[in-house]
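Chain letters run A, B, ... following the sequence lines, proteins first, then strands; residues in each count from 1.
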Amino acid sequence: MTRILITSALPYINGIKHLGNLVGSQLPSDVYARFNRAMGREVMFICATDEHGTPAELAAAKTGQDVAEFCAEMHEVQANLAKGFGLSFDYFGRSSSPQNHALTQHLAGKLAENGLIEEVSEKQVYSNTDGRYLPDRYIEGECPNCGYDSARGDQCENCTKQLNPTDLINPRSAISGSTDLEVRETKHLYLKQAGMRDTLDAWINSKKDWPILTTSIAKKWLHDGDGLRDRGITRDLDWGIPVKRGDQDWEGMEGKVFYVWFDAPIEYIAATAEWAEANGLDASAWERWWRTDKGAEDVKYVQFMGKDNVPFHTLSFPCTIMGSGEPWKLVDYIKSFNYLNYDGGQFSTSKGRGVFMNQALDILPSDYWRWWLLTHVPESSDSEFTWENFQATVNKDLADVLGNFVSRITKFCRAKFGEEVPAGGEYGAAEAAVIAEITKRLKAYEAHLEAIEIRKATSELRAIWAAGNEYLQNAAPWALFKTDPDAAAAIVRFALNLIPLYASLSEPFIPDAAADMLEAMNTKAVWPTDVAKALDSLPAGHAFTVPDVMFAKITDDARDQMQAQFAGQNT
RNA sequence: GGGCCUGUAGCUCAGUUGGUUAGAGCAGAGCGCUCAUAACGCUUUGGUCGCAGGUUCGAGUCCUGCCGGGCCUACCA
């Protein structure tokens, strides 16, 4: 049987992520993981925090903490939020793990052996006051082109002209404002990916079914200008993975670390090794997912990410993997996403604009967010969060269509037959029609999930929920009960049986509500292969309880209040 | 500047290789039901498919130009 390896782009460590980050990778990957598990496939679902780089060091400094301590704390915070949103990672690792250190150094050594690493001497700006080298965008000054006084060293935000830090007039550190800067000569390692261009190009071209967003970005980088360029994979920083060839020192690279974008994707593999260790398993347990010489040839590997991550996953990381000359598993499918905007602008971590994961969970249960985000996941273009739309979608879909269905039938049954599935009567033409409709829709639903068409899957699921209300309305057991209680009993039995079916099908999207439905019906999730059988699974006499209101509606007042609460920081 | 994506009913979006009267959900209108979270069901009003040309027997779908929105452009990650 095919095994499914799923990775979500690693959330960066410097702060709590907003809903845009969540919907652009982790949430859809979770749906896919849950769906595949429900289909009975063996799944390995991996994520981790991306912990290295300048922004992590600065974020730590801001809190007055040591960077390692800061990262350890933030990792726990992010891991708890992931749990709060029901993200079902098999393992949530850390790119700073010993496993990632070893593997990153190992792969760099292999790349060097294979002639894919080049040493380049370059000039970099050093800030004496900050005691660190400054990445281009951490240097500010006056734009030589338009005179804008807060132009960054990589580009002027005002006139969009591309710049070098040395072009700036009166340059200063963006961190401290210090003008005590000097240009120093420093050596770095470059990954010679230009030489891999044809190989990568052929590989990308062979991926006919990838989203256009994925391949068009890859092709742009492969063919723009002079084509794919070599890329620096080391930095002059303290926090990171020390540059080594395997376990050997690398002459001239003392005190330097690998660039985060080199070590972050490697963490997908290393995190699986962390998983093995955490579960007391030996190396073969993770290698069977990642080494095609050790059992991974039947693995299907799917990556999820926002569009900003695509170049690294389509080019740099494959170059690292292929260039190692070792039989590592390459990605089979890359699902990429556009951005989610917030109420007429962008979500912004730095400006505190939008709704952040911790705030979201403080306000409402995770299923509310999961459902809205997944029905609006930016698959074809950027999408937008508004409080009105959020309220309308959640109230209608979750409270009215699904929640109220469960409520109306369980309460009706309790009133007329008691809290057990009633006996009597038989299923007839109306039930057969519902079975036929759900069978058809289930097929479409499964096809959309296989293809990772998340929005289409949500609308199919909703239609399956709605079928229950249509059925009840036509069957009208409340009227029939007066003249033919047995016939009413059959209708109620059939409708009650829809609840566990709905729970099983809904679990990838709203796992908490699905669990509540199953608990109320006193049964377990089973993915239906035969809808007729599934709707005959709760026998007469089976006890259940009427669940509490599954989804309380968001009132207009509550909506206005939330909107106001989050409007404060808008710019 | 260059590249890519995008513009379809009031809103959010589907529209397969171009093929008859352009679809769904929500919102609006009407009717019905009363089991249910004033929930549900049925019916129904909305669209010169951004604009202007072109190719074609035929264009939402292909081509050109223009207008609007977004992203990327390699040292943020």
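- A:G15 comes within 4.0 angstrom of no nucleic acid atom, judged by non-hydrogen atoms across all strands.
- Side-chain N/O atoms of A:Y471 include none lying less than 4.0 angstrom from OP1 or OP2 on B:G41.
- A:Y259 comes within 4.0 angstrom of a nucleotide base, judged by non-hydrogen atoms across all strands.
- The pair A:E460-A:K456 does not count as a salt bridge, with every side-chain nitrogen at least 4.0 angstrom from each carboxylate oxygen.
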I'd like a list of close polar pairs between nucleotides 3-8 of chain B and the protein, N/O only, cut-off under 3.5 Å.
unit_1	atom_1	unit_2	atom_2	d
B:C4	O2'	A:S216	OG	3.3

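- A:H313 and A:Y268 have tilted rings, their planes meeting at an angle from 30° to 60° on a 0 to 90° scale.
- Heavy atoms of A:K553 sit under 4.0 angstrom from at least one base atom.
- Comparing the same atom, P, in B:A22 and in B:G46 gives a spacing of 13 Å after rounding to whole Å.
- Atom C1' of nucleotide B:A77 and atom CG of A:L58 are separated by 12 Å, given to the nearest angstrom.
- Rounded to the nearest Å, the gap between the C1' atom of B:G41 and that of B:C57 is 45 Å.
- Both thresholds, 5.5 Å between centres and 30° between ring planes, are met by A:W478 relative to the base of B:C35, so the two rings are stacked.
- The CG-C1' distance, from A:D400 to B:C35, rounds to 15 Å in whole Å.
- Using a 4.0 Å heavy-atom criterion, one finds that A:E388 contacts no nucleic acid atom at all.
- For the P atom pair drawn from B:G3 and B:C63, the interatomic distance equals 15 Å after rounding to whole Å.
- Taking 3.5 Å as the limit, the base of B:C75 and the side chain of A:E122 contain a donor-acceptor pair of atoms between them.
- Taking side-chain N and O atoms only, A:R462 has a distance below 4.0 Å to OP1 or OP2 of B:C26.
- Rounded to a whole angstrom, the distance from the P atom of B:G28 to that of B:C66 is 42 Å.
- Within the 4.0 angstrom heavy-atom criterion, no nucleotide atom of any strand lies near A:T375.
- Dashed line: the shortest gap from a side-chain N or O of A:R137 to OP1 or OP2 of B:C76 is under 4.0 Å.
- Using a 4.0 Å heavy-atom distance criterion, A:F551 is classed as a base contact.
- Inspection of the A:D397 and A:W372 side chains reveals no N or O donor paired with an N or O acceptor under 3.5 Å.
- Nucleotide B:G28: paired with B:U44 (Watson-Crick or G-U wobble, both distances less than 3.5 Å).
- A gap of 14 Å separates the C1' atoms of B:G47 and B:U21, to the nearest Å.
- Here A:S383 lies in heavy-atom contact (under 4.0 Å) with sugar-phosphate atoms only.
- A:V260 comes within 4.0 angstrom of the backbone, heavy atoms only, and of no base.
- Under the Watson-Crick and G-U wobble criteria, each requiring two contacts below 3.5 Å, nucleotide B:U64 is paired to B:A52.
- Residue A:G232 is out of contact with every strand shown, counting any heavy-atom pair closer than 4.0 Å.
- Residue side chain A:R408 does not reach the base of B:A39 through any donor-acceptor N/O pair under 3.5 Å, judged by distance alone.
- Using a 4.0 Å heavy-atom criterion, one finds that A:Y339 contacts the sugar-phosphate atoms exclusively.
- Between A:F304 and A:F337, the ring planes lie parallel to each other; the angle is under 30°, not in the 30° to 60° tilted range.
- Summarising the base pairing, B:A38 is matched to no nucleotide, lacking a Watson-Crick or G-U wobble pair whose two defining distances lie under 3.5 Å.
- For the atom pair CG (A:L189) and CZ (A:R235), the distance works out to 11.0 Å, reported to the nearest 0.5 Å.
- Between the C1' atom of B:A77 and the CG atom of A:D263 lies a distance of 11 Å, rounded to the nearest Å.
- Contact annotation for A:H376: backbone-only contact, meaning every heavy-atom pair under 4.0 Å involves sugar-phosphate atoms and none involves a base.
- The aromatic rings of A:F92 and A:H75 sit parallel, their planes meeting at an angle under 30°, below the 60° perpendicular limit.
- Between the side chain of A:Q124 and the base of B:C75, at least one donor-acceptor pair of N or O atoms lies under 3.5 Å.
- The side chain of A:K456 lies closest to B:A14 when the candidates are B:A74, B:C75, B:A14.
- Taking atom P in both B:U17 and B:C11, one finds a spacing of 28 Å when rounded to whole Å.
- Applying the 4.0 Å criterion to OP1 and OP2 of B:C75, one finds that A:R231 has a side-chain N or O inside that range.
- Between A:Y126 atom OH and B:C75 atom P the separation is 22 Å, expressed in whole Å.
- In summary, A:D236 and A:R132 do not engage in a salt bridge, as defined by a charged side-chain N under 4.0 Å from a carboxylate O.
- Between A:Y259 and A:Y190, the distance separating the two ring centers is not shorter than 6.0 angstrom.
- Separation of the C1' atoms belonging to B:U34 and B:G18 is 50 Å when rounded to the nearest angstrom.
- Using a 4.0 Å heavy-atom cutoff across all strands shown, A:N14 reaches no nucleic acid atom at all.
- In this pair, A:F390 and A:F385 present their aromatic rings tilted. The plane angle is within the 30 to 60° band.
- Remark: aromatic rings of A:F317 and A:F312 are distant, center separation not under 6.0 Å.
- Syn is the glycosidic conformation of B:G46, whose angle stays within 90° of 0.
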